[in-house]
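Scope of the values below: all heavy atoms of this structure, side chains included, with no hydrogens, waters or symmetry mates.
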Amino acid sequence: MSRRFLLVCAAFLLFLAGAFPAQAHELHPAYLELQQTAPGTYAVLWKVPAASGVTDGFSPQFPPDAKIISPIIREQTADTFLERYQLTVPGGLAGRTLSVTGPTAVLADVLVRVVGADGSAQILRLNPATPTAVVAAAPSRWRTAAAFLRLGIEHILMGVDHLLFVLGLLLIVQNRWALVKTVTAFTVAHSITLAVATLGYASVPLPPLNACIALSILFLGPEIVRAHRGETSLTIRHPWVVAFVFGLLHGFGFASGLTSLGLPHAEIPWALLSFNVGVEIGQLFFLAVVLLLERSFVVLQMRWPRWVQALPCYTVGSLGAFWTIQRVWLMF
């Protein structure tokens, strides 16, 4: 068990560098839809979630010869900013470049859905690393899958609270078989609720959901201390049970971004599958890095003071408590 505490001491240096403004599980990309209604004419829907914090001055950028030909209809709700209008692009969008503009554009992801007159659709993704994208003449389902796959990978690796929960589970498991069962239970659980929520069968309000996710981390704190002291409990004996129960909550957190996009029902299963595979790839990558770090400590025979070994126990609980209080406070 002590080896795992040693590796987490190093891992926590990364968490503490950016964890206190807790990055919740929420995924809030902006969404741009261009649906062809006539040759060279498109109905535009521009949707920016208010939670992304980038509504001011943030707008799509079309080819230079594009022209808006209708009044812009704007709607503002508690959680979304919408714009609708008609756009003409001489010769159509095939082979043309799309981007976003504005002082805050570098802070946001944008998913672009282009629908042709024949109903064929393609999904493009704009982000700080790739701020422009070219509309393909022949849409590819694999390109769409790749966009959601990358979104899933990045979402899990940027979700500090999720990674901290997984790390906490690693501190509790006693052997490799327990590790396999725990990771499998967590994967199955969040896959279930991710699918249920994305397909529209259930939903959970985000503020209390985020508070519960923080509470799941707080719950692990005392259990990690018990494990470090050689004590036992139901969680320590059967960590897969806890992983499954709280995995259901984390799955709803994953789903929040996909449901906010408002994708057509016919496209949700493909997007859901690709996104979930991306989440699993990111999670397995994180686990591999942690286990390789553990192995390196063993090979190097590194020894740390006892108080350093105990530090992760209390750090997990402290961060969980801080985030729980913070998110409950934000609810009110």
Side-chain angles (χ1 to χ4, degrees), residues 1-28 51 154-173 179 182-183 186 189-190 204 206-229 231 233 235-236 239 242-254 256 279 282-283 285-287 289-291 293-294 297 304-332:
M1 178 64 66
S2 61
R3 294 171 183 171
R4 294 198 186 279
F5 283 94
L6 291 174
L7 69 91
V8 177
C9 287
F12 266 111
L13 295 177
L14 300 176
F15 283 120
L16 292 175
F20 278 95
Q23 294 292 330
H25 262 97
E26 303 164 51
L27 172 70
H28 293 294
E154 293 179 13
H155 176 55
I156 188 68
L157 293 180
M158 293 177 64
V160 175
D161 49 359
H162 169 75
L163 296 181
L164 187 58
F165 180 80
V166 173
L167 208 53
L169 291 174
L170 287 176
L171 293 173
I172 293 175
V173 296
L179 175 62
T182 301
V183 173
F186 186 74
H190 74 63
V204 178
L206 280 177
L209 174 63
N210 287 331
C212 289
I213 289 174
L215 190 61
S216 71
I217 300 170
L218 175 59
F219 173 85
L220 289 181
E223 298 299 326
I224 297 170
V225 173
R226 292 190 186 97
H228 185 52
R229 292 174 177 173
E231 301 173 4
S233 67
T235 301
I236 296 170
V242 174
F244 184 87
V245 172
F246 286 121
L248 296 173
L249 285 175
H250 286 251
F252 278 114
F254 290 143
S256 63
V279 168
Q283 180 173 276
F285 173 78
F286 174 74
L287 289 171
V289 170
V290 170
L291 295 176
L293 183 59
E294 176 192 23
F297 282 145
W304 299 83
R306 185 171 181 80
W307 69 269
V308 175
Q309 297 183 36
L311 183 62
C313 310
Y314 299 98
T315 307
V316 170
S318 298
L319 285 176
F322 174 78
W323 289 340
T324 300
I325 294 170
Q326 179 192 55
R327 294 176 184 184
V328 171
W329 174 264
L330 291 175
M331 287 172 56
F332 299 100

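- The side-chain heavy atoms of Val183 and Gln283, taken from C-beta on, include a pair separated by under 4.5 Å.
- A distance of 9.0 Å separates CG in Leu167 from CG in Leu287, rounded to the nearest 0.5 Å.
- At least one side-chain heavy atom of Leu169 sits under 4.5 Å from a side-chain heavy atom of Phe165.
- The two residues Thr324 and Ala211 come nearest to each other via the heavy atoms OG1-O, 4.3 Å.
- Atom CD1 in Ile224 sits 12.5 Å away from atom CZ in Arg229 (nearest 0.5 Å).
- With rounding to the nearest 0.5 Å, the separation of CH2 in Trp323 from OG in Ser216 is 10.0 Å.
- In this structure, the ring of His250 has its center no less than 6.0 angstrom from the ring center of His190.
- Atoms CG and CG, from Leu220 and Leu164 in turn, are 8.5 Å apart once rounded to the nearest 0.5 Å.
- For the pair Gln326 and Trp329, the minimum side-chain heavy-atom distance is 4.5 Å or more.
- Of the candidates Thr235, Val242, Thr182, Leu179, Ile172 forms a side chain to side chain contact (heavy atoms under 4.5 Å, CB included) with just one, namely Thr235.
- The side chain to side chain contact (heavy atoms under 4.5 Å, CB included) search around Leu209 returns Val204, Leu206, Ile213, Leu249, Phe252, not counting sequence neighbours.
- Here Pro208 pairs with Pro205, Met331 under the side chain to side chain contact (heavy atoms under 4.5 Å, CB included) rule; sequence neighbours left out.
- Among all heavy-atom pairs drawn from Ser233 and Glu223, the shortest one is OG-OE1, 2.5 Å.
- Looking at heavy atoms from C-beta onward, Ile156 lies out of side-chain contact with Phe286 at the 4.5 angstrom threshold.
- Contact between Ala243 and Ala189 at its shortest, heavy atoms only, is O-CB, 4.5 Å.
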